[in-house]
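Read the structure below first, then the notes.
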Amino acid sequence: MRISNRQRVLVTGGAGFLGSHLCERLLSRGDDVLCVDNFYSGVKDNVAHLMGNPHFELMRHDVTFPLYVEVDAIYNLACPASPIHYQRDPVQTTKTSVHGAINMLGLAKRTKARIFQASTSEVYGDPEVHPQAESYWGRVNPIGIRSCYDEGKRCAETLFFDYHRQHGVEIKVARIFNTYGPRMHPNDGRVVSNFIVQALRGEDITIYGDGSQTRSFCYVDDLIDGFLAFMDAPADLVGPVNIGNPVEFTIRELADQVLTMVGGPSRLVFKPLPSDDPKQRRPDISLIQSSLGWAPRVALAQGLERTVDYFRRLLQS
Ligand code: NAD
Ligand code: UDP
Ligand code: UDP
């Protein structure tokens, strides 16, 4: 028998960048949170401030192994997200996406919990359709260095839709576009954290290629608003749903903006472009906008200020 009326929510990858913000928001709205993480790319420090909360529990566990717990809802975020991290052990990356999805879907099936999947714009690969709408099937290299991540996430989407059709599991598949903010790992190699850390240290800012490739950057608070709105929406909205900020910048423009904001002696230097690096990326967010009324509110300049403040404090400590 249930003693409490609180929702018991499982967040896998909860000690990561996005997961830690999600745990915080769920607790603040009154949920019980079970954070599961194997600390592959996340750190305990990200959730240290939640440890004193009696409604928060941290469990070290690898989602490629079965997990038997009683929950009402699941957010499946476990998976390294930055190219440096997911390419370090590519076999484990695919296992995390695929075996992790099977285990969490098995758990959702048994407990009748609704389950959210953190999918990615990488399912569109190096897209020839711009901006990317959910109806676009993508252009992904199945055998390249990004494939462990891209194809792992694509297979996870397949599993989500098959568990939905075959077993009636309530799914919510979100395709997340580049997101940034406090608690990104300073060494995970993603462009926003790299440029800010380099500028704060007065080091060269490393632009891969000529910097003409584009990305569209969403501030983390906006993204989490989108997660919660989607998860709380009626069951027939299963996705996939793009969540991101549609304002597009070249990587060169991002570098200039960070350098202007931080100041200091850094110079822009150009390095080789990694293989299969998508040339352009911008979400078409009309589906989430029309169905849930969600749209990002934080402009890049505003979000970068908050992120620079975070890294300045982190580097000082
Ligand atoms: P992150 O690397 O900071 O967080 C991922 C977390 O998952 C880490 O805490 C890591 O230790 C944990 N993890 C990895 N493998 C695990 C395993 N086998 N078992 C248990 N835990 C494991 O990355 P993030 O940016 O917070 O991304 C979270 C999710 O969102 C990922 O699934 C990622 O693919 C997705 N996503 C993020 C972005 C973005 O821009 N941040 C974009 C698209 C998709
Ligand atoms: N599983 C889990 N927790 C649960 C229920 C299932 O981790 O509470 C795992 C289980 O180990 C299995 C996977 O989820 O390998 C898929 O479960 P499902 O019931 O779909 O498949 P089956 O057990 O029939 O292979
Ligand atoms: N990038 C860059 N310098 C860096 C890190 C990344 O120019 O120090 C580029 C990278 O080649 C890519 C873009 O910035 O074109 C975004 O990279 P990130 O790894 O953040 O995300 P993803 O490529 O997965 O969108």
Side-chain angles (χ1 to χ4, degrees), residues 11-22 35-43 46-47 59-71 75-86 89 92-93 95-97 99-111 113 117-123 146 149-150 152-153 156 159 163 166-167 169 174-181 183-185 188-195 197-198 205-218 220 223 243-244 250-252 254-255 270-274 276-279 281:
V11 179
T12 75
F17 161 48
L18 298 180
S20 64
H21 286 273
L22 177 61
C35 168
V36 160
D37 208 297
N38 69 348
F39 306 115
Y40 179 80
S41 55
V43 291
N46 282 344
V47 289
M59 179 195 271
R60 180 194 290 268
H61 174 79
D62 182 329
V63 295
T64 63
F65 295 95
L67 176 66
Y68 284 81
V69 289
E70 304 314 310
V71 290
Y75 286 85
N76 187 37
L77 273 61
C79 185
S82 88
I84 288 187
H85 282 154
Y86 72 65
D89 187 348
Q92 174 67 15
T93 299
K95 282 186 189 171
T96 292
S97 277
H99 294 179
I102 292 172
N103 287 326
M104 292 310 104
L105 285 160
L107 173 62
K109 185 178 111 187
R110 182 181 61 78
T111 58
Q117 168 66 357
S119 191
T120 169
S121 53
E122 285 287 317
V123 302
R146 293 176 86 101
Y149 184 74
D150 300 9
K153 290 284 189 180
L159 285 160
Y163 267 81
Q166 194 175 332
H167 298 301
V169 172
R175 291 183 178 155
I176 304 163
F177 283 65
N178 297 64
T179 302
Y180 69 99
R183 299 198 207 116
M184 294 183 88
H185 197 284
D188 82 3
R190 282 186 267 194
V191 68
V192 174
S193 44
N194 262 16
F195 285 1
V197 169
Q198 288 164 343
I205 293 191
T206 52
I207 294 183
Y208 303 158
D210 62 6
S212 64
Q213 71 272 35
T214 68
R215 294 293 186 272
S216 309
F217 299 100
C218 185
V220 61
L223 189 85
I243 311 186
T250 65
I251 294 305
R252 174 69 198 253
L254 176 72
F270 295 86
K271 303 263 183 186
L273 189 68
D276 292 337
D277 199 281
K279 280 182 274 311
R281 191 184 284 154

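Predicted, not measured: the structure shown is a model, and the values here were computed from it. Side-chain atoms are counted along with the backbone in the values below, which use heavy atoms only and exclude waters and symmetry mates. Just so you know, ligand 1 is whichever comes first in the structure, and atom 1 is the first atom listed for that ligand.
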Atom indices of ligand 2, in the order listed, that fall short of 4.0 Å to a heavy atom of [X]:
{"X": "P66", "answer": "7 (O), 11 (O)"}
{"X": "K109", "answer": "18 (P), 19 (O), 20 (O)"}
{"X": "I102", "answer": "13 (C), 14 (O), 16 (C)"}

Quick one: does [X] get a heavy atom under 4.0 Å from ligand 1?
{"X": "P80", "value": "yes"}
{"X": "E122", "value": "no"}
{"X": "Y149", "value": "yes"}
{"X": "Q92", "value": "yes"}
{"X": "T12", "value": "no"}

Contacting atoms of ligand 1, where contact means under 4.0 angstrom from a heavy atom of [X]:
{"X": "G42", "value": "8 (C), 9 (O), 10 (C), 11 (O)"}
{"X": "K153", "value": "31 (C), 32 (O), 33 (C), 34 (O)"}
{"X": "A15", "value": "9 (O)"}
{"X": "T179", "value": "39 (C), 40 (O), 41 (N)"}
{"X": "N178", "value": "40 (O)"}
{"X": "H61", "value": "19 (N), 20 (C)"}
{"X": "S41", "value": "1 (P), 2 (O), 5 (C), 8 (C), 10 (C), 11 (O)"}

Requested in this report: To the nearest 0.5 Å, tell me how far S119 OG sits from R175 CZ.
Outcome: 6.0 Å
Report summary line: Separation between OG1 (T12) and CG (L67), nearest 0.5 Å, reads 9.5 Å
Query raised in the report: Where the side chain of N103 meets the backbone of T64, is there a donor-acceptor pair that is under 3.5 Å apart?
Result: yes
**Report entry** Exam field: side chain Y40 to backbone H85, donor-acceptor pair closer than 3.5 Å
**Finding:** yes
Query raised in the report: Who's closest to atom 38 (C) of ligand 1 heavy-atom-wise, of L223, N76, I176?
Result: I176
Query raised in the report: For atom 22 (P) of ligand 3, which candidate among R190, R146, M184 provides the closest heavy atom?
Result: R146
For ligand 1, indicate whether the residue [X] contacts it via side chain, backbone, both or neither (heavy-atom separation under 4.0 Å).
{"X": "L18", "answer": "both"}
{"X": "F39", "answer": "backbone"}
{"X": "H85", "answer": "neither"}
{"X": "S119", "answer": "backbone"}
{"X": "R190", "answer": "side chain"}

What is the minimum heavy-atom distance between [X] and [Y], and which atoms define it?
{"X": "V220", "Y": "T179", "value": "CA-CG2, 3.7 Å"}
{"X": "D188", "Y": "S193", "value": "OD1-OG, 3.6 Å"}
{"X": "T93", "Y": "P80", "value": "OG1-CG, 4.0 Å"}
{"X": "A255", "Y": "I207", "value": "CB-CD1, 3.9 Å"}
{"X": "G211", "Y": "T250", "value": "O-CB, 3.4 Å"}

For [atom], what's the nearest protein heavy-atom neighbour? Residue, atom name and distance, please.
{"atom": "atom 20 (O) of ligand 3", "answer": "V191 N, 2.8 Å"}
{"atom": "atom 17 (C) of ligand 1", "answer": "N38 ND2, 3.3 Å"}
{"atom": "atom 23 (O) of ligand 1", "answer": "A81 CB, 3.4 Å"}
{"atom": "atom 8 (O) of ligand 2", "answer": "R110 NE, 2.6 Å"}
{"atom": "atom 29 (C) of ligand 1", "answer": "L77 O, 3.3 Å"}
{"atom": "atom 4 (C) of ligand 2", "answer": "Y68 CE2, 3.3 Å"}
{"atom": "atom 7 (O) of ligand 2", "answer": "L67 N, 2.8 Å"}
{"atom": "atom 12 (C) of ligand 2", "answer": "N103 OD1, 4.1 Å"}
{"atom": "atom 17 (O) of ligand 2", "answer": "G106 CA, 3.4 Å"}

I need the atoms of ligand 3 closer than 4.0 Å to a non-hydrogen atom of [X], numbered in the order shown.
{"X": "I207", "value": "7 (O)"}
{"X": "E122", "value": "24 (O)"}
{"X": "T206", "value": "2 (C), 3 (N), 4 (C), 7 (O), 8 (O)"}
{"X": "G189", "value": "5 (C)"}
{"X": "Q213", "value": "9 (C), 11 (O), 15 (O)"}
{"X": "N178", "value": "21 (O), 22 (P), 25 (O)"}
{"X": "R281", "value": "22 (P), 25 (O)"}

Report task. Consider ligand 3: state whether an atom of it lies below 4.0 angstrom from any non-hydrogen atom of P83. Result -> yes
Query raised in the report: Is there a side-chain contact between L18 and L22 (heavy atoms, below 4.5 Å)?
Result: no
Query raised in the report: Is there a side-chain contact between Q213 and L273 (heavy atoms, below 4.5 Å)?
Result: yes
So is [X] polar-close to ligand 1, meaning N/O to N/O under 3.5 Å?
{"X": "D37", "result": "yes"}
{"X": "Y40", "result": "yes"}
{"X": "V36", "result": "no"}

Query raised in the report: Which bit of D277 is near ligand 3, meaning a heavy atom under 4.0 Å away: side chain, backbone, both or neither?
Result: side chain
Requested in this report: For ligand 3, note which part of N194 has a heavy atom under 4.0 Å away: side chain, backbone, both or neither.
Outcome: side chain
Query raised in the report: Mind checking whether Y163 has a heavy atom under 4.0 Å from ligand 2?
Result: yes
**Report entry** Aromatic ring pairing Y149/Y86, orientation class (parallel under 30°, perpendicular over 60°, tilted between)
**Finding:** parallel
Query raised in the report: Parallel, tilted or perpendicular for F17 and H21, by the 30°/60° rule?
Result: perpendicular
Query raised in the report: Between K153 and E122, is the closest basic N to carboxylate O distance under 4.0 Å?
Result: no
**Report entry** Pair H99-Q92, side-chain contact (heavy atoms from CB on, under 4.5 Å): steps then yes or no
**Finding:** CA-CA 10 Å; H99 294 179; Q92 174 67 15; over 6 Å; no
**Report entry** Any N/O pair H167/ligand 2 closer than 3.5 Å
**Finding:** no
